[in-house]
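The structure under discussion appears below in the form of C-alpha cells.
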Amino acid sequence: MKYVLNFFKGLMIAVVVICISFYMVTQLFNTTEREESVVIDDRPSVEEFIGEIAETARDLGADNDLYASVMIAQAILESEHGQSGLGSAPNYNLFGMKGSYQNNSVTLETTEDDGAGNLSTIMADFRKYPSYEASMQDFVKLMRNGVSWNKDFYAGVFKSNTTTYTDATKFLTGSYATDSAYNEKLNTLIAKYDLQQYDSPVKDKKTITVADGDSLMKIAEAYNVKVTSLKQWNQLRTERLEAGQQLNIYHY
C-alpha cells in the first residue's frame, strides 16, 4: 500500500510539473506573439508636415501680404497635419474649403459650430485638389479676392492691415471658421511650432554633418535654434539622428 501511495504521489507531482511547464511555454509564445503584433506609428509628425508646406507658405505669404505663420497653423488645424480624410491624398484640401475646384469635389461629414460653442454634424461638398500647393494657392486666392458679395471680405488678415499675426487669427474667428475658439487654437500652434519664422525671408542657410554622439538638442543649442525648427527644416519624423546625416539650418 505504501508503494502505491508513493507512486500516486509521484504521479501527481509529475502532472503538476508538466502543467506548470506547459503554462510557462504557452505564456512565452503568447508574449512573443504580442511583441510581434506591436504596430509602429509611421504617420508623419507635425514637424514633418510643416516642413512639406512651409516654404510654399513663406513664398505665398510674402507675395500676397499674408502671414505664412497663420496659413501653416490653419493647415495643421484644419487637416490634422495632413492626416484627415479631407487633408490627405487624394483630396489634399488643407483648409476645409467647401465647394469644388476645377469641377472636382468630395462629399464628407463635417462638424459645425454655431458661434456659441454649439456643435452639429452635416454633410457637405469640399474642394478636391491635385496637390497641397494647389490647395494653398486657392486659399490665398480666397483671402486676396474675398467672396462674391465682398472682395475685401478677408482684408482684415493682410499684414498691411494688422499689427501682428494675432490680429489676423482674431479676424478669421467668425469670418472664416465658425469655431468660437479658432484664434486661440491657431495662436497656440504658431507659438508651439515657432511658425513666425516663416513670416520673414531666410537670411542664412547652412548644411551641417551630424557627428557621433550628436542629438537634436545639442545641435539646437550650438546654433541657437529650436528643436522643432530643426525637425521642420529637415522633415524629420523622430529625434533620432545618425552620424554622417546632413541637416539644414536656417537663420532669419
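Residues: numbered from 1 along the sequence shown. Since the structure is predicted, the reported quantities are computational estimates derived from the model, not experimental observations.
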Using only atom types and a distance under 3.5 Å, with no angle test, would you say the side chain of [X] pairs donor to acceptor with the backbone of [Y]?
X: T162; Y: K159; answer: yes
X: D65; Y: S160; answer: yes
X: N234; Y: N248; answer: yes
X: D204; Y: H251; answer: no
X: N93; Y: L86; answer: no

Quick one: side chain to side chain contact (heavy atoms under 4.5 Å, CB included) partners of [X], sequence neighbours excluded?
X: A54; answer: I50, I72, Y198
X: E242; answer: Q245
X: A62; answer: none
X: T164; answer: T166, D167

Listed partners of Y165 passing ring pair (Phe, Tyr, Trp, His ring centres under 6.0 Å), at least two apart | none
Which residues pass the ring pair (Phe, Tyr, Trp, His ring centres under 6.0 Å) test with Y92, sequence neighbours left out?
-> Y132
Heavy-atom pair of closest approach, residues [X] and [Y]:
X: F95; Y: S135; value: CD1-OG, 3.7 Å
X: L236; Y: L230; value: CD1-O, 4.2 Å
X: S79; Y: G82; value: OG-N, 2.8 Å
X: G87; Y: L94; value: O-CD2, 4.2 Å
X: A168; Y: V70; value: CB-CG2, 4.3 Å
X: A124; Y: K98; value: CB-CE, 4.2 Å

To the nearest 0.5 Å, what is the distance between [atom1] on [X] and [atom2] on [Y]?
X: Q235; Y: F49; atom1: CD; atom2: CZ; answer: 11.0 Å
X: L172; Y: Y154; atom1: CG; atom2: OH; answer: 7.5 Å
X: L77; Y: S84; atom1: CG; atom2: OG; answer: 10.5 Å
X: M136; Y: Q74; atom1: CE; atom2: CD; answer: 10.5 Å
X: Q83; Y: I76; atom1: CD; atom2: CD1; answer: 12.0 Å
X: R237; Y: E47; atom1: CZ; atom2: CD; answer: 12.0 Å

Listed by chain and number, what are the side chain to side chain donor-acceptor pair (under 3.5 Å) partners of Y193, not counting sequence neighbours?
-> none
Residues in salt bridge (charged side-chain N to carboxylate O under 4.0 Å, His left out) with E78, at least two apart?
-> none
Evaluate the side-chain proximity of [Y] to [X]: yes if any heavy-atom separation is below 4.5 Å, no if none is.
X: I249; Y: W233; value: yes
X: R58; Y: Y252; value: yes
X: I190; Y: Q196; value: yes
X: V140; Y: D63; value: no
X: L60; Y: L66; value: no
X: E239; Y: V227; value: yes
X: M143; Y: M71; value: no
X: K151; Y: N145; value: no

How about K226: does its NZ atom have over 12 heavy atoms from other parts shown lying under 6.0 Å from it?
-> no
When clusters are formed by joining ILVMFWY residues with side-chain heavy atoms under 4.5 Å apart, either directly or through shared neighbours, do L142 and F126 land in the same one?
-> no
Report yes or no: do L189 and Y176 belong to one cluster of Ile/Leu/Val/Met/Phe/Trp/Tyr joined by side chain heavy-atom distances under 4.5 Å?
-> yes
side-chain hydrogen bond (donor to acceptor under 3.5 Å, both in side chains) pairs touching residues 99-108, sequence neighbours excluded, are T107-D125
Assess the side chains of T228 and D194: does a donor N or O sit below 3.5 Å from an acceptor N or O?
-> no
Would you please test Y223 and K206 for side chain to side chain contact (heavy atoms under 4.5 Å, CB included) and show each step?
-> CA-CA 11 Å; Y223 290 92; K206 63 179 64 178; 3.9 Å; yes
Do any pairs count as a salt bridge (charged side-chain N to carboxylate O under 4.0 Å, His left out) and have a residue in [range], sequence neighbours left out, and if so which ones?
range: residues 211-224; answer: D214-K218
range: residues 181-191; answer: D179-K185
range: residues 132-143; answer: R127-D138

